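Heavy atoms only: backbone and side chains are in, while hydrogens, waters and symmetry mates are out. Quick note on labels: first sequence line is chain A, next is B, and so on, each numbered from 1. Predicted model, so just to flag it, every value in this text is computed and none were measured.
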Number of protein chains: 2
Amino acid sequence: MADTLAVVGEKYALLVLREAFLGVRRFDAMVRNIGAPRDVLATRLRRLVEAGVLEKLPYSERPRRFEYRPTPAGWELQPVLLMLMKWGDRHLADRPPMVLEHSCGADLTPVVVCGHCGQQADQGTLTPHVQAPGWTRTGPAAD
Amino acid sequence: MADTLAVVGEKYALLVLREAFLGVRRFDAMVRNIGAPRDVLATRLRRLVEAGVLEKLPYSERPRRFEYRPTPAGWELQPVLLMLMKWGDRHLADRPPMVLEHSCGADLTPVVVCGHCGQQADQGTLTPHVQAPGWTRTGPAAD
DNA sequence: GCGAGTGAGTTTGAAATCCGAACTCACTCT
DNA sequence: AGAGTGAGTTCGGATTTCAAACTCACTCGC
């Protein structure tokens, strides 16, 4: 988790990915949609490319222009964004939510399930098997 | 999404939640496990409490001591963390991953599915219905 | 009853980031 | 020739982050 956040946890990184997923893949368009300072966006894009999450490819020689597309590894981050979106819609809903249509025809309500049994994976259903080094669960704290 | 990140997108915020989910709920324990500067952790905790994601409650009067527990809204962020964890395990795996056991008895592999049809929701299966104000999808960019 | 320790922070000053605006460079379009 | 566009880079100033030290209110061992 900490390692993942080292890649996508910096300010704007996940918003950049959102835009890339939605098809906004050019520098200036991202600046407009995200509202990030141009230099910050430039560094973010560099990092995401070197992390293998985005790919920078030219869509025009003369003048040389680039676009940024999610790699396969990048696409695998989409579920993270879906869950962030869902949470925001449930708990912060100011504007009407963006609707994504699933291939089944319904409007998407993303749910996290256990890949093994297909049942929802949430609070009550999970038990950590902890053996991380240096990790301490101090004090009594039954959930 | 942007709004959600305004709440949990700051540095360490999601790590704080991870600890809280795992039962680490005291200030000093979090400092030890996360390695964040104490002042930053203090501000993060304040923000997460006022955002309604954590709850600060005393576990001892005299001396006055507090712990931070996820609220119901907080627990709803767990899926986000699960997907971040999964991605890290697949793409950055340095140390052996932490195993979570699902109530079905199997080790959890979290998957995001469409709540309507139960089928996986990923790259090919989603079509955005875009009508956000000021949002521009510039240039040709079929996925 | 005294010194050491603990838990939950706050303070402090230097280092790293972020910000917005302006600038560059290489073109294209009128 | 002049205006515009796309993809950045450069600037100085405002915010954040950082690590270490400090506070305050206790408790514990002797």
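- Closest-nucleotide positions on DNA chain C for A:V40 and B:L45 were compared, and the one nearer the 5' end corresponds to B:L45.
- In this structure, the nucleotide among C:dC18, D:dC18, D:dC26 sitting nearest to the side chain of B:K11 is D:dC18.
- Side chains of A:E101 and B:L126 form no contact here, defined as non-hydrogen atoms less than 4.5 Å apart.
- In this structure, A:F66 atom CZ and C:dC27 atom C1' are separated by 14 Å, rounded to whole Å.
- With C:dG9, C:dC27, D:dT17 as the choices, the nucleotide that has an atom nearest any side-chain atom of B:R44 turns out to be D:dT17.
- Judged by the 6.0 Å and 45° rule, A:R26 forms a cation-pi pair with A:Y59.
- Judged by distance alone, the side chains of B:H102 and A:Q119 never bring a donor and an acceptor atom under 3.5 Å apart.
- Remark: the B:H91 side chain and the A:E76 side chain contain an N/O donor-acceptor pair separated by less than 3.5 Å.
- With hydrogens and angles ignored, a donor-acceptor pair closer than 3.5 Å exists between the side chain of A:D39 and the base of C:dC19.
- To the nearest angstrom, P of C:dT6 lies 13 Å from OH of B:Y59.
- Using a 4.5 Å heavy-atom cutoff, the side chains of B:F27 and B:R38 are in contact.
- Distances shorter than 4.0 Å separate none of the side-chain N or O atoms of B:Y68 from OP1 or OP2 on C:dG7.
- Residue A:R65 places its side chain closer to D:dT5 than to any other of D:dG8, C:dA8, D:dT5.
- Residue contacts for B:R64: at a heavy-atom cut-off of 4.0 Å it reaches no nucleic acid atom on any strand shown.
- Distance from the side chain of A:F27 is smallest for D:dG8 among the nucleotides C:dG9, D:dC26, D:dG8.
- The side chain of B:R62 contributes no N or O atom lying less than 4.0 Å from OP1 or OP2 of D:dC24.
- Whole-Å rounding puts the A:L41 CG to D:dG8 C1' distance at 10 Å.
- What separates CG of A:L54 from C1' of D:dA7 is a distance of 16 Å, to the nearest Å.
- In this structure, A:K56 satisfies the cation-pi test against A:F66, with its NZ or CZ atom closer than 6.0 Å to the six-membered ring centre and inside 45 degrees of the ring normal.
- When the P atom of C:dG20 is taken as reference, atom CD1 of A:I34 falls 13 Å away, rounded to whole Å.
- The separation between A:M30 atom CE and D:dG8 atom P is 11 Å, rounded to whole Å.
- Residue B:Y12 places none of its side-chain N or O atoms closer than 4.0 Å to OP1 or OP2 of D:dT16.
- Atom CD in A:E10 sits roughly 12 Å away from atom P in C:dC19 (whole-Å rounding).
- Here D:dG6 presents its P atom at 13 Å from CG of A:N33, a figure rounded to the nearest Å.
- For B:R38 against C:dA8, a side-chain N or O and a base N or O form a donor-acceptor pair under 3.5 Å.
- For A:R26, the side-chain atoms get nearest to D:dA7 when compared with the rest of C:dA8, D:dA7, D:dT9.
- Among the nucleotides C:dG7, D:dA19, C:dG20, the one closest to the side chain of B:P37 is D:dA19.
- The side chain of B:D28 lies closest to C:dG7 when the candidates are C:dC27, C:dG7, D:dC26.
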